[in-house]
**Q** 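I have a structure I would like to understand better, so I am pasting it below and will then ask my questions one at a time.
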Amino acid sequence: MNELLNRIIENNREITSKGKVATYIPALGKANPRHLGICVADMEGNVYTAGEYNVKFTLQSISKTISLMLAIMDNGEEEVFKKVGMEPTGDAFNSIVKLETINPSKPLNPMINAGAIAVASLIKGKDGEEKFQRLLNLFKKITGNDDLKVNEEVYLSEKRTGDRNRAMAYFMRDVGILEGDVEEILDVYFKQCSIEVDCIDVAKIGLFLANKGRVPYTSEKIVSEHIARIVKTFMVTCGMYNASGEFAIKVGIPAKSGVGGGIMAAVPHKMGIGVYGPALDEKGNSIGGYEVLKELSRELNLSIF
Ligand SMILES: NC(=O)CC[C@H](N)C(=O)O
């Protein structure tokens with residue numbers, strides 16, 4: 001397996017030159033666009049790695065999967081889906097346009113920014129800090145990594161420049177989707193996006209979802225199978241933003257990407273995969289990571305369809 005992963009990384013390194021590192025969050029612009037790494041963690045406890053698997057990056061939109069999980073655990077499915085929809089969108093992850101035109105006005109799904117901000121508002125806690133700590137603790141449990149923390153530079157960089165997210169959040173409060181202190185809600189969201197990880201952490205998140213919401217090594221059941229299934233279904237329909245349909249055909253694995261360059265993938269009953277390559281395609285997905293998953297899926301016949 002290590003040999004296969006090394007080969008796949010080297011086969012796809014060239015394509016990273018065709019992508020661009022995200023710079024709309026200035027601190028993300030410092031990443032090395034040539035980096036490409038992978039970790040596969042399987043059900044038996046084996047961990048395989050290749051390339052720059054241990055370079056640190058921030059979760060960004062990958063965090064939206066676990067924040068959704070926590071919001072459903074806290075409030076139940078019915079309450080959460082009163083505030084956010086279940087439908088994919090053909091628009092960019094940070095698009096604002098449908099918020100006003102759709103009736104009733106609510107974000108289309110929890111994997112786009114507006115939806116994830118609505119979800120962050122539903123996490124329980126006496127203030128933003130407690131809400132975020134509850135979410136961070138859940139990530140620590142799932143990955144088995146107690147050292148997970150926020151990358152302060154990325155967090156402050158996004159907080160300073162996140163006016164589009166801020167605009168969506170204030171609009172959502174106006175139409176009654178968000179309640180309470182908008183800046184505090186945004187702070188939870190900006191921090192969850194800035195949690196720093198490597199490919200191993202991300203593969204463990206995938207493995208946890210692949211194993212229906214249980215951490216395989218400890219067998220601890222963190223969430224019901226039903227909620228784990230909801231999260232994986234969103235990964236299939238919305239996880240790669242407006243490239244999710246094509247990804248389902250070409251790769252066929254539930255996956256969630258982030259603009260930090262990570263992709264988290266969950267192959268049901270088999271393995272979790274964490275990929276990192278900060279050079280992005282025009283839709284905001286890791287250009288090398290996408291190709292790496294495509295080749296791995298083909299080699300090991302991993303498509304769920
Ligand atoms: N697609 C992403 O990873 C987006 C997350 C990023 N923090 C943002 O809000 O723009």
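Index from 1, following the sequence.
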**Q** Same cluster or not: Phe139 versus Met235, using hydrophobic residues (I, L, V, M, F, W, Y) connected whenever any side-chain heavy atoms lie under 4.5 Å apart?
**A** yes
**Q** For Asp187 and Tyr155, which I'm curious about, is there any donor-acceptor pair between the side chains at under 3.5 Å?
**A** yes
**Q** Quick one: does any side-chain atom of Arg34 pair with a main-chain N or O of Thr16 as donor and acceptor, under 3.5 Å?
**A** no
**Q** Under a 3.5 Å distance rule, please check whether Asn75 uses its side chain to pair with a backbone N or O of Ala71 as donor and acceptor.
**A** yes
**Q** What are the two closest heavy atoms between Val175 and Ser105, and how far apart are they?
**A** CG2-OG, 3.9 Å
**Q** Check whether any side-chain N or O of Asn46 sits under 3.5 Å from a backbone N or O of Asp42 as a donor-acceptor pair, and report yes or no.
**A** no
**Q** Taking all non-hydrogen atoms of both residues into account, name the closest pair between Glu153 and Ala27 and its distance.
**A** O-CB, 3.9 Å
**Q** For Gly289 and Val275, work out which heavy atoms get closest and say how close.
**A** CA-CG1, 3.4 Å
**Q** Verify salt bridge (charged side-chain N to carboxylate O under 4.0 Å, His left out) between Glu299 and Lys294, making sure each step is shown before the conclusion.
**A** CA-CA 9 Å; Glu299 289 280 342; Lys294 191 160 96 186; over 6 Å; no
**Q** With salt bridge (charged side-chain N to carboxylate O under 4.0 Å, His left out) as the criterion, how do Arg166 and Asp163 come out once you've worked through the C-alpha distance, each side chain's angles and the decisive distance to 0.1 Å?
**A** CA-CA 5 Å; Arg166 204 163 268 122; Asp163 285 344; 2.9 Å; yes
**Q** Please walk me through it: do Ile230 and Phe81 pass side chain to side chain contact (heavy atoms under 4.5 Å, CB included)?
**A** CA-CA 12 Å; Ile230 293 176; Phe81 294 113; 4.1 Å; yes
**Q** Is it true that a side-chain atom of Lys232 and a backbone atom of Leu209 form a donor plus acceptor pair closer than 3.5 Å?
**A** yes
**Q** Should Lys83 and Glu179 count as an ion pair when the cut-off is N to O under 4.0 Å?
**A** yes
**Q** Other members of the hydrophobic cluster containing Ile102, with the 4.5 Å side-chain heavy-atom rule, please.
**A** Leu108, Ile112
**Q** Start with the C-alpha distance between Lys124 and Glu130, add both sets of side-chain angles, then the distance that settles salt bridge (charged side-chain N to carboxylate O under 4.0 Å, His left out), and finish with yes or no.
**A** CA-CA 8 Å; Lys124 298 244 192 285; Glu130 190 176 295; over 6 Å; no
**Q** Is there a donor in the side chain of Tyr48 and an acceptor in the side chain of Glu3, or the other way round, less than 3.5 Å apart?
**A** no
**Q** CD1 of Ile253 to OG of Ser303: how many Å apart, nearest 0.5 Å?
**A** 7.5 Å
**Q** Name all pairs fulfilling the side chain to side chain donor-acceptor pair (under 3.5 Å) condition that reach into residues 258-286, sequence neighbours left out, sorted by first residue then second.
**A** Ser257-Asn285
**Q** Run the side chain to side chain contact (heavy atoms under 4.5 Å, CB included) check on Glu77 and Val80 step by step: do they pass?
**A** CA-CA 5 Å; Glu77 211 177 315; Val80 170; over 6 Å; no
**Q** For the pair Arg134 (side chain) and Gly125 (backbone), establish whether a donor and an acceptor sit closer than 3.5 Å, ignoring hydrogens and angles.
**A** no
**Q** As a quick check of understanding, evaluate side chain to side chain contact (heavy atoms under 4.5 Å, CB included) for Thr49 and Cys39, giving each step before the final call.
**A** CA-CA 4 Å; Thr49 54; Cys39 171; 4.1 Å; yes
**Q** Looking at residues at least two apart in the chain, or sitting in another chain, which of them share a side-chain hydrogen bond (donor to acceptor under 3.5 Å, both in side chains) with Lys64?
**A** Ser61, Asn113
**Q** Looking only at atom types and distance, does a side-chain atom of Arg229 sit under 3.5 Å from a main-chain N or O of Lys212, one as donor and one as acceptor?
**A** no
**Q** Between Ala169 and Ile117, what is the shortest heavy-atom contact and its length?
**A** CB-CG2, 4.1 Å
**Q** Is it the case that one hydrophobic cluster holds both Ile222 and Leu136, taking links as side-chain heavy atoms less than 4.5 Å apart, direct or via other members?
**A** yes
**Q** Under a 3.5 Å distance rule, please check whether Ser297 uses its side chain to pair with a backbone N or O of Leu293 as donor and acceptor.
**A** no
**Q** Do Lys106 and Val84 touch side chain to side chain, with heavy atoms closer than 4.5 Å?
**A** no
**Q** Rounded to the nearest 0.5 Å, how far does OG1 of Thr65 lie from NZ of Lys256?
**A** 8.0 Å
**Q** Taking Val154 as the fixed residue, which of Glu196, Gln60, Lys191, Lys159 is the one that meets the side chain to side chain contact (heavy atoms under 4.5 Å, CB included) rule?
**A** Gln60
**Q** How about Thr237 and Ser244: do any of their side-chain heavy atoms sit closer than 4.5 Å?
**A** no
**Q** So which atom in Leu59 and which in Ile205 form the shortest heavy-atom distance, rounded to 0.1 Å?
**A** CD2-CD1, 4.2 Å
